[in-house]
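Report on the structure given below.
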Amino acid sequence: MNKTTIMLICLFAAFASEGQNPATPFDKAPEWSKSAIWYQIFPERFRNGGSRNNPRPQDISIPPMGQIAPEGWAVNQWTEDWYGQQGWELNRSFNDNMYYRRYGGDLQGVLDKLDYLQNLGVTALFMNPLNDAPSAHKYDARNYHHIDVNFGPDPDGDIKLIATENPADPATWKWTAADKLFLKLVREVHRRGMRLIMDYSWNHTGVMFWAWQHVLKNQSQSAYKDWYEIRSFDDANNPGNEFAYTGWVGVASLPEIRKVDITTHRQNGQPYEGNINEGAKKHIFAVTQRWLAPNGKAADGIDGFRLDVADQIGLGFWRDFRKKVRSIKPDAYLVGEIWWDNWPDKLMDATPYTQGDVFDAVMFYHAYRPARYFFAKTDFPLDAAQLRNELEHEWSRLPEDKRYAMMNVSSTHDTPRLLTDFYNANKYKFQANPRENPYYRTGKPDEETYKRLRLYLVHLFTSIGAPQIWNGEEMGMWGADDPDPRKPLWWADYQFADETRNNLQPGDKQYDQVGFNQQQFDWYKKLIAIRKDNQVLVNGKIEFIVAEGHTLVYRRYDELNEVLVFFNLEEGAINFPLREGTVYKTLLNDSAISGMLHLEPLEAAILMKR
């Protein structure tokens with residue numbers, strides 16, 4: 001064995017020992033992402049693993065914004081009526097209470113339910129922000145480089161430890177108890193053959209962020225004044241306060257990182273060429289290194305990032321970010337949130353972000369929106385031909401490998417839950433709550449809604465792209481747009497209070513029983529198993545065979561395998577003739593069929609040759 005051969009073997013072994021795949025080209029999505037079954041977790045509402053680390057008033061208050069926990073504030077009970085008022089909430093509006101509500105979800109709660117997720121069939125976790133922050137959503141970071149102190153087992157100890165660091169110097173950073181518990185979570189996820197990505201917003205911080213606090217105190221003398229979009233500093237010689245800055249979409253609690261080197265027109269919902277302040281960028285890259293390769297070990301690190309409000313940051317930064325990430329972990333996955341070009345009628349074009357130099361995928365609302373208009377009963381119906389055209393148009397704009405790596409989101413922390421979205425006839429995301437639309441229905445849906453949603457789910461798990469599940473959808477949860485999709489999850493071992501059905505509408509209150517829906521869980525589990533058992537549903541091509549009226553038939557195929565998918569959304573039954581002399585297996589009920597497939601209205605079938 002010659003010296004060159006030995007060196008190559010050692011190099012490959014080094015990659016393998018770090019859990020990396022050197023065969024992943026820089027411009028391609030990692031292969032594992034195409035077969036992913038994504039499960040998105042909102043940590044504060046997922047599961048409370050214990051009460052000793054529950055948030056306290058000082059943990060959730062934001063003094064610079066005058067947001068102080070109300071008198072008598074306490075953590076809410078997990079099982080109470082979401083629309084009810086408890087103790088400190090009395091005589092306050094529902095909206096006013098939403099910022100201050102906490103339920104105590106934490107990392108131990110996620111660890112406790114990994115077996116549940118594995119049993120469901122999940123292979124990849126998308127964690128909403130875990131970084132230390134005062135809000136429930138955590139997009140207002142206090143520290144990028146630490147896990148939120150209340151997600152770990154020792155908030156007081158972590159706060160003391162963080163105070164010993166110089167946050168601007170990565171050499172001084174320590175591992176808090178929350179950080180260590182997160183790294184344990186990553187190990188447990190990997191031990192199960194699963195992946196995990198973190199959610200970050202590099203566009204802005206919170207006002208409690210260490211660098212912003214330095215700016216507030218030192219104004220124009222701060223070493224971090226150029227990190228942010230500051231329009232004017234306070235003049236100590238004048239009695240007023242002239243301090244002014246730019247917050248994300250005008251939100252003062254989210255000061256924006258300064259954008260630099262902009263060479264093209266910048267407009268919300270459009271990509272542009274530019275970068276961010278170099279000091280902030282170096283800090284972000286150090287945080288990126290910390291979580292991808294803790295203590296220099298990429299095998300112990302996360303598997304990628306979901307990047308918030310990606311259109312707000314220039315493409316130059318994203319290209320550099322990809323280079324940084326892939327230099328640490330070549331098979332890491334980057335998925336960007338791009339959404340509205342012109343709300344609520346036009347979604348952004350994913351093309352500039354999916355050419356191999358920026359992201360591997362985007363959150364592909366582009367596939368869900370037309371599918372909703374076909375499968376649900378709305379005021380904006382699409383027929384099967386229109387759905388086919390919409391999907392083929394969106395796929396045609398993507399490089400072929402990226403089509404299969406798309407994160408096919410249907411619902412998230414920012415949208416109505418699927419059952420509620422299917423229960424209402426409104427335009428997607430427009431007035432999708434009872435505050436803006438008094439006729440918007442937020443209670444338990446009718447049986448037709450369940451049937452229609454289950455048809456859509458058949459489509460989701462048999463179509464191109466990686467399916468994503470927003471936490472709790474498999475439990476049968478319902479809820480309007482934000483904040484309602486962020487209810488505490490309906491775990492089967494809990495008994496919940498009845499939920500107000502006509503929550504903000506006048507009149508006598510009506511109530512629904514809420515709780516874990518085993519039938520819905522079983523449907524998700526079955527569809528996940530079908531996708532995982534048939535690789536052609538992951539990598540196969542798609543061909544629409546029938547797309548007429550409200551009848552849809554397509555096939556997924558490769559050189560060796562074929563799966564046929566049928567939907568009947570017509571008012572009457574349909575008989576589909578099958579290939580003569582061929583016996584098919586029906587994957588939804590594990591039976592055999594030949595000659596003719598009979599479907600009643602609102603029925604679907606998945607067939608493959610026996």
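Side chains are part of it too, since the values below use all heavy atoms of this structure and drop only hydrogens, waters and symmetry mates. All values derive from a computational prediction rather than experimental measurement.
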Report the distance from atom CG of L185 to atom CG of L125, rounding to the nearest 0.5 Å. 7.0 Å

Kindly write out the residues that satisfy salt bridge (Lys or Arg N to Asp or Glu O under 4.0 Å) with R486, not counting sequence neighbours, or none if the list is empty. D414, D482

Under a 4.0 Å N-O cut-off, is there an ion pair linking R102 with E44? no

Measure up the F209 and H283 rings against each other and bin them: parallel (under 30°), tilted (30 to 60°), perpendicular (over 60°). perpendicular

List in chain and number order the residues that pass salt bridge (Lys or Arg N to Asp or Glu O under 4.0 Å) with D154, two or more places apart in sequence or in another chain; answer none if no residue qualifies. none

Parallel, tilted or perpendicular: which one describes the rings of H459 and Y456, with boundaries at 30° and 60°? tilted

Let's go through D360 and R322 carefully: what are the C-alpha distance in whole Å and the side-chain angles of both, what is the deciding distance for salt bridge (Lys or Arg N to Asp or Glu O under 4.0 Å) to 0.1 Å, and is it a yes or a no? CA-CA 9 Å; D360 300 299; R322 183 178 186 85; 2.8 Å; yes

Using the ring of each side chain (for Trp, its six-membered ring), is W82 parallel, tilted or perpendicular to Y103, with breaks at 30° and 60°? parallel

Any side-chain donor paired with an acceptor under 3.5 Å for T412 and Q40? no

D484: which residues meet the salt bridge (Lys or Arg N to Asp or Glu O under 4.0 Å) condition with it, sequence neighbours left out? none

Charged N to carboxylate O below 4.0 Å: is that the case for K429 and D481? yes

Any residue meeting side chain to side chain contact (heavy atoms under 4.5 Å, CB included) with P399, in chain and number order, not counting sequence neighbours: T354, Q355, D401, K402

Which residue in the set Q289, K174, E165 passes side-chain hydrogen bond (donor to acceptor under 3.5 Å, both in side chains) when paired with H145? E165

Presence of salt bridge, R56 and D59, under 4.0 angstrom: yes

Going by the rule side chain to side chain donor-acceptor pair (under 3.5 Å), which residues pair with W202 if we only count those two or more places apart in sequence or in a different chain? none

So if I apply the side chain to side chain contact (heavy atoms under 4.5 Å, CB included) rule between N143 and each of T205, I162, V287, which one comes out positive? I162

Please identify each residue that fulfils side chain to side chain donor-acceptor pair (under 3.5 Å) with D493, with sequence neighbours left out. R47

Return the set of residues passing side chain to side chain contact (heavy atoms under 4.5 Å, CB included) with P271 (not counting sequence neighbours), or none when no residue passes. L315, M348, P352, Y353

Looking at R195 and D303, is any side-chain nitrogen of the basic one under 4.0 Å from a carboxylate oxygen of the acidic one? yes

T449: partners by side chain to side chain contact (heavy atoms under 4.5 Å, CB included), with sequence neighbours left out: L419, F422, Y423, P445, D446

Is the shortest side-chain N to carboxylate O distance from E188 to K184 below 4.0 Å? no

Set of ring-ring contact (aromatic ring centres under 6.0 Å, His included) partners for F364, sequence neighbours left out: H366

Just jot down the side chain to side chain contact (heavy atoms under 4.5 Å, CB included) partners of P485, sequence neighbours excluded, or say none. R417, W470

Listed partners of E80 passing salt bridge (Lys or Arg N to Asp or Glu O under 4.0 Å), at least two apart: none

Cationic N near anionic O, under 4.0 Å, R369 to E390: no

N128 and I41, any side-chain heavy atoms less than 4.5 Å apart: no

Take the angle between the ring planes of F521 and Y116 and call it parallel below 30°, perpendicular above 60°, tilted in between. tilted

Sequence neighbours left out, what passes side chain to side chain donor-acceptor pair (under 3.5 Å) with D27? Give chain and number order. none

